[in-house]
Amino acid sequence: MLQQTQVATVVPYFSRFVEQFPDAHTLAQAPLEQVLRAWEGLGYYRRARQLHQAAQMIVRDHGGEFPQDIDAVRRLPGIGRYTAGAVLSIALNQRHPVVEANTIRVLSRLFAVAIDVGKESGRRTLWSLAEQLVPAARPGDFNQALMELGGTICKRRDPNCENCPISRWCRAAQLRQVERFPRKSPRAKVTFQQEVAVVVQRQRSVVLRRCGPDERWAGMWDFPRYRRPERNVESALAEMIRADLGLSVQLHSLPWRFKYSVTRYRIDLTTVASTRCRGRIKTSSPAKWVKIEEMETFPLNVSARRVARQLRLSQRKLN
DNA sequence: AATCCGGGGGG
DNA sequence: CCCCCAGGATT
């Protein structure tokens, strides 16, 4: 869960998760749907699928006990050098280094690493430094201390060098250029595309579709979602729905635009609208057709059986 | 080596 | 608006 996700975000998810899946057997035997459900809102859903696979591998190949050999750990899906080193150093007191966001910042400043830490050569340098520094005694404490230092003192902006216990050895601090490190090349820009999600409500059911393998949220359930037409939105949308779902619909005026979240999706539209929407939404009026401009969404991963019969047409097309 | 996954924190 | 987050897999 902590891979590319902030600690504060993870904590409540982690608590619920370990309560629901206390050991490898429980997790391995749980349906993937249930695991994804527990992951809902965290993003990077591949991690949940891989964790599920890893639990099954641990049960099958390691008798349900987490392997202690670093190479065996690395073979588990979703576990790379950082995660393997972190688990084995912290839990089993094995001497392995860790390199992640915090230690990258600390080490790159401590040694004024001039190379781009996003590049392979920069990473090699950092792993080498971390490997040389981690002690045989209490390596897990050392690694956590390094990460904690990066999280509390050696922050990305406005680092607290005055209270840093190792600032007297810090090359970047000596150079008065702490904030110039770590060196990174600018990220690729992210482009946004306008999409329209459609909520089709019939009695207490709602039409969902499963995201295809090559689109975002692959394999997960979502409202039917389409690129927003340039013009003639209503008629173009109706045509897309007819072609995609085999449903003949007529769109009236589309009065509401709002961001939507389906994390707490229940089944009726008013709940969806009232949980996370922003803007002027009247939840009391049960509109049949609502246009949603997708700005931010959470995945929808409901137990969709209740509405699945409305999906047979589109499902057949996908399979 | 570059790209993708993704919601959310915080300036 | 921006950059980044206790990374890893895929291409």
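In the text below, chain A, chain B and the rest are named by the order of the sequence lines, each starting its count at 1.
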**Asked** When all nucleic acid strands are considered with a 4.0 Å heavy-atom cut-off, which category describes A/Arg47: base, sugar-phosphate, or nothing?
**Response** nothing

**Prompt:** Given atom CZ of A/Arg49 and atom C1' of B/dG6, what is their separation to the nearest angstrom?
**Reply:** 14 Å

**Asked** Atom CZ of A/Arg123 to atom C1' of B/dA2: distance rounded to whole Å?
**Response** 13 Å

**Item:** For DNA chain B, the residues among residues 90-108 of chain A that have a non-hydrogen atom under 4.0 Å from it
**Value:** none

Write out a two-atom table: protein N or O, nucleotide N or O from nucleotides 9-11 of chain C, distance below 3.5 Å.
{"unit_1": "C/dA9", "atom_1": "OP1", "unit_2": "A/Gly78", "atom_2": "N", "d": "2.7"}

**Complete:** Walking DNA chain B from its 5' end, the first of A/Arg157 and A/Gln3 to be reached, judged by nearest nucleotide, is A/Gln3

**Request:** Respond yes when some side-chain nitrogen or oxygen of A/Gln4 is under 4.0 Å from OP1 or OP2 of C/dG7, and no when none is.
**Result:** yes

**Request:** Examine C/dA6: is either OP1 or OP2 under 4.0 Å from a nitrogen or oxygen in the side chain of A/Lys155? Give yes or no.
**Result:** no

**Prompt:** Which nucleotide, C/dG8, C/dA6, B/dA1, lies nearest any side-chain atom of A/Leu2?
**Reply:** C/dA6

**Prompt:** A/Thr5 side chain N/O closer than 4.0 Å to the phosphate oxygens (OP1, OP2) of B/dG6?
**Reply:** no

**C1' gap between C/dC1 and B/dC5, integer Å** = 23 Å

**Asked** For A/Lys119 and C/dG7, what is the distance between atoms NZ and P respectively, to the nearest whole Å?
**Response** 20 Å

**Asked** Stem ranges for DNA chain B, with three or more consecutive Watson-Crick or G-U pairs under 3.5 Å?
**Response** B:1-5 with C:7-11, B:7-11 with C:1-5

**Request:** Whole angstrom is fine here: how far is it from CD in A/Gln6 over to C1' in C/dG7?
**Result:** 14 Å

